[in-house]
Amino acid sequence: MLAGMGPVAGGIVGPVATAELAAAVSNAGGLGVLGGTGYSPRRLREEIEKVRALTNKPFGVDLLLPANYMAGVDRKTSDLRELVPNEITVGLKEILESLEIPWVEAPVEPTVQREPGSGRADAQMEVVIEEKVPVFASGLGSPDQWMDRLHANGIFVLSLVGNVRNALRVADSGVDAIVAQGTEAGGHTGHIGTLALLTQVIDAVSPIPVVAAGGIASGRGLAAVLAAGAQAAWCGTAFLVAEEANQPTAQQRRVLEANAEDTRITRLYSGKTMRNITNPLIEAFEKSGLPTLPMGVQDIAIRDVVHSLREAGRDDLLMNAAGQIAGSLSEVRPASVIVEEIIMEAATILTKTLPDAVQVELD
Ligand SMILES: Cc1cc2nc3c(=O)[nH]c(=O)nc-3n(C[C@H](O)[C@H](O)[C@H](O)COP(=O)(O)O)c2cc1C
């Protein structure tokens with residue numbers, strides 16, 4: 001399964017997992033999942049239509065449903081800057097100064113004009129339900145409040161979790177499958193390793209099927225998680241280097257160059273723990289001990305930082321979510337080749353380990 005990856009690099013070019021990438025994975029025999037986060041409801045609908053034009057295979061849409069988005073904020077507040085405590089702005093300014101990057105305030109109006117309803121999960125969820133997409137995946141939070149309508153419209157529901165407690169919570173709300181995402185993963189992530197999490201989630205939610213995520217980018221990885229009881233693998237980082245990935249060049253180049261120790265978890269870019277290819281800004285931020293704000297509010301806190309980086313031509317310091325398995329990736333290839341290689345390698349390993357009698361029958 002292709003992980004429904006949202007935008008990197010401050011959203012310059014939109015989500016990574018667009019219609020082209022999702023359709024390429026579905027056409028190759030995987031399950032392509034559109035990264036819906038970052039799209040306005042109108043754009044999300046257009047992108048779903050595009051997937052349908054590019055494939056007649058099943059596909060999915062992923063959205064982030066964080067419980068504490070803009071926690072404690074009156075959304076009608078006119079001056080968003082007032083939401084950010086002065087000491088945080090001062091701290092961020094000092095960090096940029098230490099990197100010799102001039103502080104340039106972002107225009108009061110966001111540079112990318114947002115449409116009404118943009119970024120709002122409830123409006124995006126209406127599109128998912130109206131379009132009756134085959135699969136819906138929720139990253140962060142629970143799809144609980146939409147579950148009855150999702151199922152009434154024939155939509156298969158997956159939920160990503162990073163610990164057993166959340167696995168039990170989404171299981172209670174009636175999801176059809178659970179993605180157990182280990183800390184190795186790129187993007188928002190928890191603290192438990194993939195294998196340790198996977199086995200414990202399987203035991204906790206049986207008979208609900210469990211999909212493994214975090215650090216899987218080869219047939220060896222897929223075979224390992226299938227052997228551990230997963231029904232499938234959900235892969236993000238592997239597809240960051242797909243030809244069809246909507247990944248800015250600077251970000252993709254770093255993924256190709258990275259080794260296994262080049263990623264780091266930080267709350268800098270979203271307020272929640274997120275694994276990124278590290279960079280001098282992340283290192284300086286982590287060293288500073290500066291606190292972060294709830295998801296949504298943190299976006300506002302770092303708006304001027306993102307604007308300053310762009311003005312200084314330092315796209316290399318923008319968000320670049322990627323997992324530890326980035327160290328194994330060294331070339332850009334079509335998504336279909338990535339899918340086929342993973343499946344063929346896993347099939348070879350799994351058939352080799354079968355007893356001879358079964359092997360003969362398979363032959
Ligand atoms: C660039 C990037 C963006 C991501 N965006 C999302 C997202 O919008 N929603 C989501 O549920 N997961 C997101 N993830 C996490 C993936 O869904 C997935 O769980 C993770 O990539 C799996 O681990 P791997 O990167 O080691 O393959 C993102 C991951 C990456 C690398």
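Start at 1 and go down the list; that is how both ligands and their atoms are numbered. When a residue number appears, it is its place in the shown sequence, counting from 1.
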Inset, instruction - Compare Gln247, Met274, Met5, Glu184 and give the one whose heavy atom is closest to atom 2 (C) of ligand 1. - result: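 Minimum heavy-atom distance to atom 2 (C) of ligand 1 goes to Met5.
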Inset, instruction - Nearest heavy atom to atom 7 (C) of ligand 1 wins, so pick from Gly35, Ala3, Gly4. - result: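 It is Gly4 whose heavy atom sits nearest to atom 7 (C) of ligand 1.
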Inset, instruction - Work out which heavy atom in Asn279 is nearest to a heavy atom in Leu317; give both atom names and the distance. - result: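 Looking at all heavy atoms of both residues, the closest pair is ND2-O, 3.5 Å.
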Inset, instruction - Say whether, by atom type as modelled, one donor and one acceptor occur between the side chain of Thr237 and the main chain of Gly323 under 3.5 angstrom. - result: yes
Please list, in number order, the atoms of ligand 1 under 4.0 Å from a heavy atom of [X].
{"X": "Gln181", "answer": "15 (C), 18 (C), 19 (O), 20 (C)"}
{"X": "Val8", "answer": "1 (C)"}
{"X": "Ala185", "answer": "20 (C), 22 (C), 23 (O), 24 (P), 26 (O)"}
{"X": "Gly215", "answer": "24 (P), 26 (O)"}

Inset, instruction - Please confirm whether Leu240 comes within less than 3.5 Å of ligand 1 when only nitrogen or oxygen atoms on both sides are compared. - result: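 No: no nitrogen or oxygen of Leu240 is under 3.5 Å from one in ligand 1.
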Legend entry - Residue of the set Val25, Leu2, Leu34, Ile48 for which side chain to side chain contact (heavy atoms under 4.5 Å, CB included) holds with Phe59: Ile48
Give the contacting part of [X] toward ligand 1: side chain, backbone, both or neither, where contact means a heavy-atom distance below 4.0 Å.
{"X": "Leu160", "result": "side chain"}
{"X": "Thr237", "result": "both"}
{"X": "Leu64", "result": "side chain"}

Inset, instruction - Would you list the pairs meeting salt bridge (Lys or Arg N to Asp or Glu O under 4.0 Å) in which at least one residue belongs to residues 147-174, sequence neighbours left out? - result: Glu126-Arg149
Inset, instruction - Could you note down all residue pairs passing side-chain hydrogen bond (donor to acceptor under 3.5 Å, both in side chains) where residues 218-236 supplies at least one of them, sequence neighbours left out? - result: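 Found Arg220-Glu345.
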